[in-house]
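Counting convention: from 1, in listed order, for ligands and their atoms alike. Values below: every heavy atom of this structure, side chains too, minus hydrogens, waters and symmetry copies.
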Amino acid sequence: MDPRYEIQRRGGGGGFSGGSVGGSPALTGAQSRRRKMPPRPADYKLQVIIIGSRGVGKTSLMERFTDDTFCEACKSTVGVDFKLKTVELRGKKIRLQICFCSIFGFITNTITLPCDGSPHLLAQVCVAKVKDTAGQERFNSITSAYYRGAKGIVLVYDITKQETFEDLPKWMKMIDKYASEDAELLLVGNKLDCETDRVITRQQGERFASRISGMRFCEASAKDNFNVDEIFMKLVNDILNKLPLEMPSRELSNSVLSLQPEPELPPELPPPRARCC
Ligand SMILES: Nc1nc2c(ncn2[C@@H]2O[C@H](COP(=O)(O)OP(=O)(O)OP(=O)(O)O)[C@@H](O)[C@H]2O)c(=O)[nH]1
């Protein structure tokens, strides 16, 4: 189900189902007390994005984490979508908006990304594909909005597919260009359950991550539910470590296309780090 509809339902006034307010039966004392107690609001609302080439398991990792489901033969998604999940960590309630975009994955499989990761060329290809004259502008603004608001970025490759590993520098160029310098980065080698088909060693993944300042690395399996919660909890933990203690909760939009950039972080945070790959 589209999470936006879930939000609307939840926000729709507390769920008097099956009748008008006037026609509702009288509440018992306990029911009345329950309805007067709104859930504790989230202390933090954070955006995390999942990127990587087509078919690496972005959707699967996200669905495993948010719904504990796995689809063996999922259709490839083309577009931007997101899911919401609330987690508790270090006594804080954190509302996570996990976004995934398959436009980029879709394109990397059909063309070679330009060496400077230029979204303009990508946009032209996108425009040519969808025959949409306003497409390039929209594509650029979607691209930057998608990266800009992210406090954490999960970059995924498939340990059984060489080309998804070779695409990593191109994804890093997109991160360098569009993401906040303070975004936490985590490289994930997915499909660990396919050990017999492995073509990328763990050491190769580790080595790639070690060349990027602050990037963490792990291997996971969305299918076997191995390391999936850990990916997101680790990322959230690292993000929390960087946030000022009393940072107020901010409202996230219910629509990915209207994602707003987060305000600049206060100056007492560590200076941006240089990244290279
Ligand atoms: N064996 C195995 N298969 C996986 C795993 N994760 C995903 N898959 C499979 O890989 C295929 C692609 O998974 P998706 O989650 O759709 O990948 P994606 O990166 O979102 O793909 P796009 O939407 O095309 O960009 C699907 O058939 C999944 O069932 C995993 O951990 N192990």
Side-chain angles (χ1 to χ4, degrees), residues 1-3 47-85 96-113 117 119 122-123 125-126 129-130 139 142-143 146-147 150 152-172 174-175 178 185-202 204-205 208 217-235 256-257:
M1 164 155 327
D2 187 327
Q47 285 170 45
V48 167
I49 63 173
I50 309 181
I51 57 175
S53 299
R54 189 182 184 192
V56 294
K58 300 178 293 292
T59 316
S60 301
L61 287 166
M62 188 198 59
E63 288 186 343
R64 174 60 82 189
F65 179 62
T66 55
D67 305 331
D68 198 13
T69 56
F70 178 75
C71 173
E72 280 282 355
C74 298
K75 276 197 235 143
S76 184
T77 355
V78 178
V80 184
D81 207 347
F82 72 97
K83 290 227 173 194
L84 298 168
K85 177 155 171 152
L96 277 182
Q97 185 186 49
I98 305 168
C99 308
F100 64 107
C101 178
S102 293
I103 290 175
F104 311 125
F106 172 68
I107 290 168
T108 51
N109 257 23
T110 53
I111 60 156
T112 305
L113 281 173
L122 295 184
V125 175
C126 198
K129 275 183 182 303
V130 297
F139 185 85
I142 291 171
T143 311
Y146 181 67
Y147 280 87
I153 301 176
V154 181
L155 173 54
V156 187
Y157 67 92
D158 177 345
I159 65 161
T160 70
K161 296 252 161 46
Q162 179 77 31
E163 64 274 20
T164 66
F165 188 74
E166 285 168 1
D167 279 345
L168 292 179
K170 297 164 192 164
W171 290 107
M172 280 312 303
M174 297 292 274
I175 291 173
Y178 290 109
L185 302 182
L186 176 62
L187 177 65
V188 175
N190 189 37
K191 307 196 185 179
L192 191 55
D193 55 287
C194 301
E195 187 60 52
T196 49
D197 298 325
R198 181 197 276 274
V199 294
I200 306 297
T201 65
R202 184 182 170 86
Q204 281 177 285
F208 185 91
F217 170 73
C218 77
E219 291 185 327
S221 167
K223 184 174 181 178
D224 283 0
N225 196 7
F226 179 78
N227 261 350
V228 178
D229 283 1
E230 287 77 2
I231 288 171
F232 293 97
M233 296 310 274
K234 192 88 193 140
L235 207 56
V256 165
L257 292 182

Q. Which atoms of ligand 1 have any heavy atom of S60 under 4.0 Å away?
A. 6 (N), 7 (C), 13 (O), 14 (P), 15 (O), 28 (C)
Q: Report yes or no: does F70 have a heavy atom closer than 4.0 Å to ligand 1?
A: yes
Q. Taking all non-hydrogen atoms of both residues, which atom of V56 and which atom of N190 are closest, and how far apart?
A. O-ND2, 2.9 Å
Q | Per-atom contacts, ligand 1 versus R54 - under 4.0 Å to a heavy atom | A | 24 (O), 25 (O)
Q) Would you call L155 and V188 a side-chain contact if the rule is heavy atoms closer than 4.5 Å? A) no
Q. Looking at residues at least two apart in the chain, or sitting in another chain, which of them share a side-chain contact (heavy atoms from CB on, under 4.5 Å) with D197?
A. T160, C194
Q: May I ask you to list the atoms of ligand 1 that are less than 4.0 angstrom from any heavy atom of C194?
A: 1 (N)
**Q.** Minimum heavy-atom distance between D158 and T164, given as atom pair plus value
**A.** N-OG1, 2.9 Å
Q | Y157 side chain reached by D167 side chain, heavy atoms, under 4.5 Å | A | no
(Q) By the side-chain hydrogen bond (donor to acceptor under 3.5 Å, both in side chains) test, which pairs, at least two apart or in different chains, include something from residues 221-232? (A) E72-K223, D193-S221
(Q) Heavy atoms only: which of L61, D193, I51 lies closest to atom 1 (N) of ligand 1? (A) D193
Q: Within a distance under 4.0 Å of any heavy atom of C71, pick out the atoms of ligand 1 and give their elements.
A: 28 (C), 29 (O)
(Q) Yes or no: does G55 have any heavy atom under 4.0 Å from an atom of ligand 1? (A) yes
Q | Minimum non-hydrogen distance to atom 18 (P) of ligand 1, winning option of E72, M62, K191, K58 | A | K58
(Q) Under 3.5 Å between any N/O of V56 and any N/O of ligand 1: does that happen in this structure? (A) yes
Q: Cation-pi check, K85 to F232: give yes when NZ or CZ is under 6.0 Å from the six-membered ring centre and within 45° of the ring axis, no otherwise.
A: no
